[in-house]
Amino acid sequence: MIVEWCGIGHDVIHFATSILPVMTPALLRTLLGLLLPVTILPAHAESAPAPRVQVAEGTLHGVREADGLLTFKGVPYAAAPIGARRWKAPQPAAKWKRDRAANRFGPRCMQLPLFSDMVFRSNGMSEDCLYLNVWTPATGAKDKLPVLVYFYGGGFQAGDGSEPRYDGASLAKQGIVAVTVNYRLGVFGFFAHPELTKESPHKASGNYGLLDQAAALQWVRKNIAAFGGDPRRVTIAGESAGSFSVSAQMISPLARDTIAGAIGESGSLLGLMALPTLKEAEANGQRFAQSAGAPTLKQLRALSGEALLAAAGKPDAGRFRVNIDGHMLPEPPLAMYAAGKQAKVPLLAGWNAQESDARSVLGEGPVNEESFMAALRKLYGDRAPDARRAYAGDIETAARELGSDRFIGYGTWKWLDLHARTSGQPTWRYYYTHPRPGAPGATHSAEIEYAMGNLDGNKVYAWTPTDREVSRVMQAWFANFIKTGAPDGAGLPAWPPLPANRGAANGTPVMVIDAPPHLEPSTDGAHHTFHDSPQPGGQPR
C-alpha cells in the first residue's frame, strides 16, 4: 500500500530516539503504529510527505509530483548483472533495510550512441542497469488499477526507460499504473557462447535481455499492488525492438501467464529473417570472442564493460540477436503462434506507412521501371515479376511499401494474422500514416509520442492542434485497450477486431491513424501472399 505516517517523519523519530536512548527507531515505529493510524493520503494533499511503498525487497521512497502523480524511479527489479553475473539470467534483487530513494532514473544499459533521436534522463550508463520506473495515480492497493509495462525500442542495441517519449505520466493521469523497464542490450544482452550454455542450468545462452524483461514482469506481478495496480490486469507494450519483445514474451513460458493484453508498434519475431538457432548464435559468439582477443569465458568476463562495448562496436564484430534457445523461446515463434501456443490475450498492433523509404529498395539510381525491376531481380531472382505484380502501382509507393514490409511490416502482419486465427482472442490492426510536422512521412517510431501522449516531451517539432487531436485519439484507444481489453470508447471511431476465420487477410478491417482516423478494408493482401510463398534460398522462420 502507498502509506504515510500521519505527520510523523524521520526527523521526529530521530529526535525522539536522541532523547530516549533506550528506545530504538524500530521500537518507536511499532509503538507509533499502535497509537496512530496509518493513513493513505490523497494524491492532491499539498503538505503530504514523500510517498513510500513496501515491496518485497524493502521500502521505496518516491516523489509526489506537482500534478499529484506518484513516481518511483530507478527501482531495482534484479541484481546487478556484473562480474560473475555478466551473461547470466537475472537474479533476485538484494533486500535493503532502510528506505531506498526512488527519485531518479537508474543508469541506462551499456550501449553505443547509435540513434540521434534518443534523449536520456538516466543516471549515466552502467552494466548495473536492471531498474524500472513507475508512475501511478493510485491512493492505495485497493485501487487495483490496470497496468502498462512498456519495453523501449532501439534494435536491441540501444534505448532506455528514461526517454521522454516513453514517460508514463500522461497515461497515469488516465487511471493507469505505467511502468518502463530497462533490459540488457547488444553483446551484454544477446551474446551466446558454448561455455555459457554449458554453465546454464537450462543449457541455453543469449536472450539475456528477454530474460530481464520476463524477470521484470514477475516482479510486477509480485509488487505492483503496492503501487495501486492490479497484477491480473497487466498489458505489455513496446515499439520496434520493444514490439519484438512483446511477441517474444507472449510465447515464453517464463512470462506468458503474467500478461492480460499486448500492444505491438512496428515489429515481431515472425519477420522475414529467420532467427538463429542456439548453435548458430554460439558460433557467432565464438567468432566475436576470437576477434575481441578473449576466446574463453573467463577472459571475456575479465574485460571491462567499456572494452567489451568497444569490441562489439567494431565493423566486423557481428550482430547479437535473439536466438531460439529452447528455454526463453522453446520453439521458432512462427511455429508457436501457428500452433496457438501464445498467451491467449487480446492483441492490438500495427505499423507505420514509411517504416523504410523507397531508396532502401531502389538504391541511389534513377526512379523508373527499369531500376525497380533490376532491384527486384537482385532481391528475388526469377520471382521479380511476381514481386512487381504484388507491389503494383507507382514505383515510389511500391518501393516504399516493399522496403517497409521487408524491414518490419510483414512480420507485424504475420503476428496479427496468426494471433487472430489461433488465439481465440480479439485482435485489432492499425496502419499509422500521420507524419510529424514537416516530416516527409510517417517514419519508423514517429507514432510513439502520439500513442503515449508525450508530444510536449519532444521539443524538435512544432506540434499543431491537428497533432494533438491525433495524439488524443490514439492515446485514448491505447488507454481503453489497457483498461478493458478493447480500444473502443465514447467519442472514438468504432474499431472492429479482425475476424478469427480470416485473420488479417485482404478486406479485413484496419484502422488508419491519421487526421482524421478512419476505418478501411485492408488492400495489401497481395504483399503478404507474396512473402508467405517460398523465397529463393529461404529457410523456415
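We number each residue from 1, following the sequence as shown. Note that these values count all heavy atoms, side chains included, but never hydrogens, waters or copies made by symmetry.
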**Report entry** Modelled atom types, side-chain donor and acceptor of His434 and Asp467, under 3.5 Å
**Finding:** yes

Query raised in the report: So do the side chains of Val55 and Trp96 get within less than 4.5 Å of each other, counting heavy atoms only?
Result: yes

Query - Validation row: Pro76, Leu130 side chains within 4.5 angstrom (heavy atoms) - result: no

Report task. Would you check if the side chain of Asp212 reaches a backbone N or O of Arg184 as a donor-acceptor pair within less than 3.5 Å? Result -> yes

Query raised in the report: So, does Thr427 use its side chain to make a donor-acceptor pair with the main chain of Leu416 at under 3.5 Å?
Result: no

Requested in this report: Answer yes or no: is there a donor N or O on one side and an acceptor on the other, between the side chain of His419 and the main chain of Val345, under 3.5 Å?
Outcome: yes

Query raised in the report: At what distance, to the nearest 0.5 angstrom, does CG of Asn207 lie from CG of Asp325?
Result: 4.5 Å

Query raised in the report: Which heavy atom in Ser445 sits nearest to a heavy atom in Asp117, and how many Å separate them?
Result: OG-OD2, 3.8 Å

Requested in this report: With the side chain counted from C-beta on, respond yes when Pro51 and Arg64 share a heavy-atom pair under 4.5 Å apart, and no when they do not.
Outcome: yes

Query raised in the report: Considering residues at least two apart in sequence or located in another chain, which fulfil the side-chain hydrogen bond (donor to acceptor under 3.5 Å, both in side chains) criterion with Thr397?
Result: Asp394

Query - Nearest-0.5 Å distance, CZ of residue Arg108 to OG of residue Ser122 - result: 4.0 Å

Query - Ring-ring centroid check His527 Tyr391, cutoff 6.0 Å - result: yes

Report summary line: One should read off an interatomic distance between Arg165 CZ and Ile448 CD1, to the nearest 0.5 angstrom, of 4.5 Å

Query raised in the report: Quick one: are Leu60 and Arg52 in side-chain contact, heavy atoms under 4.5 Å?
Result: no

Query raised in the report: With respect to Phe244, which candidate in Leu210, Val322, Ile408 satisfies the side chain to side chain contact (heavy atoms under 4.5 Å, CB included) definition?
Result: Ile408

Query raised in the report: Do any N or O atoms from the side chain of Thr136 and from the backbone of Phe227 form a donor-acceptor pair under 3.5 angstrom?
Result: yes

Query raised in the report: So with a 6.0 Å cut-off around CZ of Arg468, is the heavy-atom count from everything else above 12?
Result: yes

Query raised in the report: If you measure from the Lys or Arg side-chain nitrogens to the Asp or Glu carboxylate oxygens, is any gap between Asp230 and Arg232 under 4.0 Å?
Result: yes

**Report entry** Short side-chain to backbone donor-acceptor contact, Asn103 and Gly62, under 3.5 Å
**Finding:** no

Report task. Indicate whether any N or O donor in one side chain lies under 3.5 Å from an N or O acceptor in the other, for Asp167 and Asn454. Result -> no

Requested in this report: Kindly indicate, with the supporting measurements, whether the criterion side chain to side chain contact (heavy atoms under 4.5 Å, CB included) is fulfilled by Val234 and Ile259.
Outcome: CA-CA 5 Å; Val234 176; Ile259 301 165; over 6 Å; no

Query raised in the report: Distance-only, no hydrogens or angles: does the Ser404 side chain make a donor-acceptor pair with backbone N or O of Asp357 under 3.5 Å?
Result: no

Query raised in the report: Sub-3.5 Å donor-acceptor pair from the side chain of Arg256 to the main-chain atoms of Ile251, do we have one?
Result: yes

Report task. Please name the pair of heavy atoms, one in Pro137 and one in Gly175, separated by the smallest distance, quoted to 0.1 Å. Result -> CG-CA, 4.1 Å

Requested in this report: Hey, could you give me each pair passing ring pair (Phe, Tyr, Trp, His ring centres under 6.0 Å) that has a residue in residues 151-179? Not counting sequence neighbours.
Outcome: Tyr150-Tyr166, Tyr152-Tyr183, Phe156-Phe190

Report task. Determine whether Met250 and Trp415 make a side-chain contact, defined as any pair of heavy atoms from C-beta on separated by less than 4.5 Å. Result -> yes

Report task. For Ser522 and Gly507, indicate whether the former's side chain and the latter's backbone hold a donor-acceptor pair under 3.5 Å. Result -> yes

Query raised in the report: For the ring pair Tyr450 and Trp463, is the centre-to-centre distance below 6.0 Å?
Result: yes

**Report entry** Aromatic ring proximity Tyr432/Trp351, centre distance under 6.0 Å
**Finding:** no

Report task. Could you tell me whether Asp160 and Lys73 make a salt bridge, using a distance below 4.0 angstrom between a side-chain N and a carboxylate O? Result -> no

Report task. Can you measure from OG (Ser360) to CG (Leu402) and round to the nearest 0.5 angstrom? Result -> 7.5 Å

Report summary line: d(Asp405 CG, Ser356 OG) to nearest 0.5 Å is 10.0 Å

Query - Verdict with reasoning, His61 to Phe72, per side chain to side chain contact (heavy atoms under 4.5 Å, CB included) - result: CA-CA 7 Å; His61 181 174; Phe72 298 84; over 6 Å; no

Report task. Could you give me the CA-CA distance, side-chain angles and deciding distance for Leu275 and Asn323, then say whether side chain to side chain contact (heavy atoms under 4.5 Å, CB included) is met? Result -> CA-CA 6 Å; Leu275 295 183; Asn323 79 81; over 6 Å; no

**Report entry** side chain to side chain contact (heavy atoms under 4.5 Å, CB included) between Thr258 and Val220, intermediate numbers included
**Finding:** CA-CA 9 Å; Thr258 67; Val220 166; over 6 Å; no

Requested in this report: Using only heavy-atom distances, determine whether the side chains of Trp219 and Glu57 contain a donor-acceptor pair under 3.5 Å.
Outcome: yes

Query raised in the report: Below 4.5 Å, heavy atoms only, C-beta onward: do Val179 and Leu148 meet side chain to side chain?
Result: no

**Report entry** Residues, nucleotides or ligands: over 12 heavy atoms within 6.0 Å of Lys344 NZ
**Finding:** yes

Query raised in the report: Does some side-chain heavy atom of Phe105 sit less than 4.5 Å from a side-chain heavy atom of Tyr131?
Result: no

Requested in this report: Mind jotting down which residue pairs meet the side chain to side chain donor-acceptor pair (under 3.5 Å) criterion with at least one end in residues 473-483? Sequence neighbours excluded, please.
Outcome: Ser170-Gln475, Gln174-Gln475

Query raised in the report: Which atom pair, heavy atoms only, marks the closest approach of Ala504 to Leu498?
Result: CB-CD1, 3.9 Å

Requested in this report: Give a yes-or-no answer on whether the side chains of Ser162 and Arg121 include a donor-acceptor pair shorter than 3.5 Å.
Outcome: no

Requested in this report: For Gln157 and Gln111, test the side chains for any donor-to-acceptor distance below 3.5 angstrom and give the result as yes or no.
Outcome: no

Report task. Please report the closest heavy-atom contact between Asn133 and Gly74, naming both atoms and the distance. Result -> OD1-N, 3.0 Å

Query raised in the report: Can you find a pair of side-chain heavy atoms, one from Leu308 and one from Glu127, that are under 4.5 Å apart?
Result: no

Report summary line: On a heavy-atom basis, the closest approach of Ala353 and Thr433 is CB-CG2, 4.0 Å

Query - From CH2 (Trp413) to CG (Leu270), nearest 0.5 Å - result: 10.5 Å

Query raised in the report: Going by distance alone, is a donor N or O of one side chain under 3.5 Å from an acceptor N or O of the other, for Glu65 and Thr71?
Result: yes

Query raised in the report: Pick from His444, Glu265, Glu239, Glu447: which one makes a side chain to side chain donor-acceptor pair (under 3.5 Å) with Asn352?
Result: Glu447

Report task. Could you tell me whether a side-chain N or O of Ser243 sits under 3.5 Å from a main-chain N or O of Ser268, the two making a donor and an acceptor? Result -> no

**Report entry** Whether Ser252 side chain and Leu254 backbone form a donor-acceptor pair below 3.5 Å
**Finding:** yes

Query raised in the report: Considering all heavy atoms of both residues, which atom of Pro516 and which atom of His518 are nearest to each other, and what is their separation?
Result: O-ND1, 3.0 Å

